[in-house]
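Predicted, not measured: the structure shown is a model, and the values here were computed from it. As the structure lists them, so they are numbered: ligands from 1, and atoms in each ligand from 1.
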Amino acid sequence: MSLKGKKFHIHTFGCQMNENDSEHVAGMLSSRGAHSSPSPELSDIVIINTCAVREKSEEKFFSLLGRLESIKKKKNLVIGAIGCIAQLYKSQLRDKKSSIDFIVGPNNYDKIPDIITHYWEEKITCTQWNRGWKEFSPSDIQRKNPTSGYVTIMRGCNNFCSYCIVPFTRGRERYRPMDYIIQEVHKLADQGYKEIQLLGQNVNSYRDPSTGRDFASLLEEVDRIPNIEWIRFLTSHPKNFTPRLAHTMKKSRKICRQLHLPLQSGSTSVLKRMNRKYSRENYLKLVGILKDLMKGISLSTDIIVGYPGETEDEFQQTLSLLNTVKYTNIFSFRYSPRPLTPASKLPDSVPFETKKKRLIKLQNEQKKIQIEKNKSFIGKTLKVLCLGRSKKDSSIYSGRNEGYQVVNFQSSSDVVGQFVPVKITQCGPYSLFGESVD
Ligand code: 5AD
Ligand code: SF4
């Protein structure tokens, strides 16, 4: 099937890495003459970029696939499954899901245009591993946002946290040469991007493949690139977060005073069973250093409740840590066993109802913290990068402050893509609201 003039739609589940991968795939298809389309119904090709990290993300994939299968009964549609579920369930998907035309794992996205052009009728499965860094599409990236750009700096993870499927679906760490990263950031700066987000499963373990220069050095290089005003990065593993890195953040005027620092549990015994390689005390010490160095730093985190064997007392430790750190935002999940992981071999001993109760308790506790925090912004003027218009009301603009909080605001002129001073007038637990002040 020639790609020229064909319409494609990519549905992305999961993390920012997946978002950026989809931008690469969209770029590769567009450079062969295909056009992106807003809906599966209007498309010739639908690609689902899947996430396997939790049971729920898997369920969402199968439910979307069901919807696509009913569209496919009425019209010609090529369906591709890519990403972590594709890597994990390759043969089962090929044998049991006849609606899927091609299956491509996270290391092989560069092959997608050729697979569609030549081989989709063969129901091809492409899930080989590669050792070194492979550059997918250095020039063609079809980015979703023209103001804030993702830049992938590494792929894979070597940590093997006991609950996590990622090392099995994305493989071992491969680092992108620093020169390529710098070139991409320069290009974004030339195109008018104001913010970049450096992405990797564990950015703190980054090493330039030829010189061995570390993540702090990469940040220093990126910091020198003119016109990029805000630099963010994720995800940081607390065990690899060095004081040198904290000082690099402090020295830079561009690196945002914001950090996503996944905790997973506030109990040292659970952290040990999770193979996280830090204790509650180490984590709190790191938070203390960061807060001392950068006043008002905004911290967010990931938390799992109901890990095998988690006692009420261990859960209480997580709750109490929440009140010590006072995160700006948390992402919290019920533990679900994932194939191949060491934790999946343990009895999933915390009853579903208990997990549910703990999750609600945790989220309610965090909601109170966020309401308090957000109220303290009322009356203040914040620097906001306007990323677009609000999805619910197009007369309202939407952006993020340095702390990565959503700020919705009114403005008399079109300010999309600009930094705007916004006076905060109202807030909810999950966002701030205000008016631009000129
Ligand atoms: N169950 C629940 N949550 C999980 N995560 C990863 N694996 C699991 C699992 N098996 C969460 C972690 C991680 C985030 C991306 O997803 O909190 O940081
Ligand atoms: Fe999964 Fe742990 Fe790697 Fe994060 S650091 S991707 S939680 S194994």
Filtering Ser336, Cys51, Pro262, Pro339 for the heavy atom nearest atom 9 (C) of ligand 1 leaves Ser336
Closest to atom 13 (C) of ligand 1 (judged by heavy-atom distance), picking from Ile303, Asp302, Thr341
Asp302
The answer for which part of Pro167 has a heavy atom under 4.0 Å from ligand 2 is side chain
Can you tell which part of Lys277 has a heavy atom less than 4.0 Å from ligand 2: side chain, backbone, both or neither?
neither
Close approach, Arg276 and ligand 2, non-hydrogen under 4.0 angstrom
yes
How about Cys157: does one of its N, O or S atoms come closer than 2.8 Å to atom 1 (Fe) of ligand 2?
no
Ser390-Asn408 side chain donor-acceptor pair, cut-off 3.5 Å:
no
Any side-chain donor near an acceptor of the partner, Gln258 and Ser298, under 3.5 Å:
no
Would Arg280 and Ser320 count as a side-chain hydrogen bond (donor to acceptor under 3.5 Å, both in side chains) here? Give the steps.
CA-CA 11 Å; Arg280 174 190 176 90; Ser320 88; 2.8 Å; yes
Ligand 1 atoms in contact with Gln264 (distance to a heavy atom under 4.0 Å):
12 (C), 13 (C), 17 (O), 18 (O)
The test is side-chain hydrogen bond (donor to acceptor under 3.5 Å, both in side chains); show your working for Tyr163 and Gln264 and say whether it passes.
CA-CA 10 Å; Tyr163 51 81; Gln264 312 302 358; 3.3 Å; yes
Hey, does Arg334 sit under 4.0 Å from ligand 1 if you only count heavy atoms?
yes
So is Arg338 polar-close to ligand 1, meaning N/O to N/O under 3.5 Å?
no
Can you find an N or O of Tyr335 that's nearer than 3.5 Å to an N or O of ligand 1?
no
Heavy-atom distances under 4.0 Å are what count here, so tell me which part of Ile304 touches ligand 1: side chain, backbone, both or neither.
side chain
Report the part of Phe333 (side chain from C-beta onward, or backbone N, CA, C, O) that has a heavy atom under 4.0 Å from ligand 1; answer both or neither where that applies.
side chain
Given 3.5 Å as the limit, does a donor-acceptor pair link the side chain of Lys291 with the main chain of Val325, or not?
yes
Suppose I only count heavy atoms of Asn159 and a 4.0 Å limit; which atoms of ligand 2 are within that range?
5 (S)
Please list, in number order, the atoms of ligand 2 under 4.0 Å from a heavy atom of Gln201.
6 (S)
Could you find the nearest protein heavy atom to [atom] and give me its residue, atom name and distance?
atom                    : answer
atom 1 (Fe) of ligand 2 : Cys164 SG, 2.2 Å
atom 2 (Fe) of ligand 2 : Cys161 SG, 2.4 Å
atom 7 (S) of ligand 2  : Tyr163 OH, 3.4 Å

Lys239, Lys277, Gln201 screened by side-chain hydrogen bond (donor to acceptor under 3.5 Å, both in side chains) with Asn159, the one that passes
Lys239
Any side-chain heavy-atom pair from His260 and Asp302 closer than 4.5 angstrom?
yes
To check you understand the geometry: which heavy-atom pair defines the closest contact between Ser22 and Asn49, and what is its length?
OG-ND2, 3.0 Å
Tell me, please, if His237 has any N/O/S atom, main chain or side chain, under 2.8 Å from atom 2 (Fe) of ligand 2?
no
Tell me whether the guanidinium CZ or amine NZ of Arg54 lies under 6.0 angstrom from the six-membered ring centre of Phe333 and within 45° of its axis.
yes
Can the positive tip of Arg276 be found less than 6.0 Å from the middle of the six-membered ring of Tyr278, inside 45° of the ring normal?
no
Less than 4.0 angstrom from a charged side-chain N to a carboxylate O is my criterion; do Glu23 and Lys144 meet it?
no
